[in-house]
Novice: 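I'd like to ask you about the structure that follows.
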Amino acid sequence: MNDKEKLTQSNINWYPGHMTKAIRQMKEDIKLIDLVVEILDARLPLSSRNPDIDELGKNKARLILLNKSDLADERWNDKWAEYFREKGYTVVKVNSKNKTGIKEINNAVNEACKEKIERDRKRGIKNRPVRAMVVGIPNVGKSTFINAYAGKACTKTGNKPGVTKGKQWIKLNKGLELLDTPGILWPKFEDQSIGFKLAVSGSINDNILNTTDMVYDFIKMLKEMYPNAITSRYGIEDSDDALEILNRVAEVRGCKLKGDRPDIDKAALIILDDYRSGKLGRITLDTF
Ligand code: G4P
């Protein structure tokens with residue numbers, strides 16, 4: 001077996017079975033829709049983007065949502081929005097949790113689907129609703145977005161015999177129907193740093209990670225990118241040594257083991273939670 005085969009084999013073995021099934025399902029679902037609404041984590045728009053989506057969604061209208069934009073650096077939100085616009089996508093910055101940006105979605109859908117709408121018009125088809133599907137990696141905010149956008153007022157349509165058997169559509173307005181189950185894409189880990197950024201941001205199950213080691217590396221990363229984030233959050237003096245930073249956070253937060261030794265594992269968890277909830281400030285990890 002050559003190296004390439006080994007790599008492929010381990011990738012296949014690693015690839016979780018339910019994800020293979022999810023991809024198969026998505027390939028079927030995508031046939032039914034006009035518009036792919038791709039949700040990315042604004043803190044890591046490239047790392048949270050599964051490149052397979054371009055193949056899956058080819059010939060479909062495309063809308064990218066930079067979700068969790070409240071947690072990301074606003075300067076970078078604008079740069080990433082521009083980056084994807086230049087590549088031809090329609091882009092909206094959103095915070096699905098408090099619904100910022102949600103009002104802009106309808107216009108964005110029309111813009112992304114203008115060719116389809118025009119095609120329909122030329123063929124004399126009137127008012128055929130746009131059918132959309134939300135896709136993204138786990139935890140990126142697909143359900144939160146669907147709830148924020150569809151709200152409670154929407155009506156769920158039942159099966160459409162012969163066309164969309166077994167599918168539930170959320171009729172959002174006259175012009176738009178959303179498939180109510182989002183497409184789950186598994187992140188790609190070809191590059192170590194991608195896996196790392198996804199892990200710190202909460203897209204990979206924490207149970208399989210060594211949190212303290214991860215936060216140790218995260219502190220080093222933050223020192224390069226946001227040098228004041230940790231020191232100002234915890235009111236500690238800076239140090240070039242990430243372990244020393246962990247010790248200092250443990251000290252100011254009263255994280256102690258038996259014999260008054262600093263509990264750096266607990267300090268690491270505090271830092272991780274604070275990053276994920278935005279308490280370390282608005283941070284973007286993917287930059288260019
Ligand atoms: P998924 O369907 O793609 O798997 O993701 P889901 O909607 O379950 O969202 C995952 C987590 O991300 C949730 O947090 C959700 O509240 C949070 N989230 C989604 N969109 C945004 C956003 O725009 N901004 C912020 N700050 N958070 C967002 P959780 O901790 O798992 O749940 P909860 O405690 O918030 O309910």
Side-chain angles (χ1 to χ4, degrees), residues 16 18-19 21-23 25-26 29-30 33 36-50 52-53 56-57 63-78 80-81 84 91-105 108 132-152 154 156 168 170 172 178-189 194-195 197-209 211 226 229 233 269-286:
H18 65 285
M19 285 299 160
K21 196 167 156 238
I23 290 279
Q25 182 67 52
M26 200 183 318
D29 289 346
I30 244 162
I33 57 133
V36 176
V37 180
E38 184 185 358
I39 306 202
L40 303 181
D41 185 328
R43 295 168 298 175
L44 37 153
L46 283 191
S47 303
S48 60
R49 179 156 211 262
N50 183 318
D52 292 344
I53 191 61
L56 279 165
L63 171 60
I64 285 185
L65 304 184
L66 294 173
N67 192 41
K68 307 197 184 184
S69 59
D70 54 308
L71 300 176
D73 191 331
E74 188 59 8
R75 221 167 28 102
W76 277 104
N77 285 342
D78 290 333
W80 279 115
F84 287 112
V91 186
V92 184
K93 294 185 282 182
V94 286
N95 167 357
S96 298
K97 216 165 167 174
N98 80 357
K99 305 192 183 182
T100 310
I102 297 292
K103 280 202 198 100
E104 292 164 42
I105 304 282
M133 177 183 171
V134 168
V135 302
I137 65 167
N139 224 27
V140 74
K142 296 179 293 300
S143 320
T144 313
F145 168 73
I146 291 174
N147 286 337
Y149 185 41
K152 289 204 173 71
C154 66
K156 275 194 186 180
Q168 285 273 317
I170 308 171
L172 291 170
L178 193 68
L179 191 63
D180 87 333
T181 38
I184 303 167
L185 286 164
W186 198 244
K188 285 224 157 170
F189 285 81
I194 294 181
K197 290 176 194 174
L198 287 162
V200 283
S201 305
S203 286
I204 297 168
N205 191 339
D206 284 341
N207 298 334
I208 60 167
L209 306 163
T211 310
Y226 294 90
R233 166 76 183 153
L269 276 177
I270 291 176
I271 293 172
L272 196 59
D273 282 349
D274 282 353
Y275 160 65
R276 289 177 179 174
S277 61
K279 293 194 188 103
L280 283 188
R282 296 178 67 171
I283 289 172
T284 297
L285 298 180
D286 276 348

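The first residue of the sequence shown is numbered 1, and numbering continues consecutively from there. Note that ligands are numbered from 1 as they come in the structure, with each ligand's atoms numbered from 1 the same way. Below, each value reflects all heavy atoms present in this structure, side chains not excepted, and no hydrogens, waters or symmetry copies.
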Novice: When you check the gap from the basic side-chain N to the acidic O, do Lys93 and Asp78 get nearer than 4.0 Å?
Specialist: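 The answer is yes: the pair qualifies as a salt bridge.
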Novice: Do Ser201 and Tyr275 have side-chain N/O donor and acceptor atoms under 3.5 Å apart?
Specialist: yes
Novice: So, Asp286 and Ser47: side-chain donor and acceptor under 3.5 Å apart, yes or no?
Specialist: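 Note: Asp286 and Ser47 side chains meet the donor-acceptor criterion.
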Novice: Are Asp70 and Arg282 within salt-bridge range, i.e. N to O under 4.0 Å?
Specialist: no
Novice: Distance from Thr144 atom OG1 to Lys68 atom NZ, nearest 0.5 Å?
Specialist: 7.5 Å
Novice: Protein residues near ligand 1, heavy-atom distance below 4.0 Å?
Specialist: Asn67, Lys68, Asp70, Leu71, Asn95, Ser96, Lys97, Ile137, Pro138, Asn139, Val140, Gly141, Lys142, Ser143, Thr144
Novice: Kindly assign one of parallel, tilted or perpendicular to the pair Trp76 and Trp80, based on the angle between their ring planes and the thresholds 30° and 60°.
Specialist: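 Geometry flag for Trp80 against Trp76: tilted rings.
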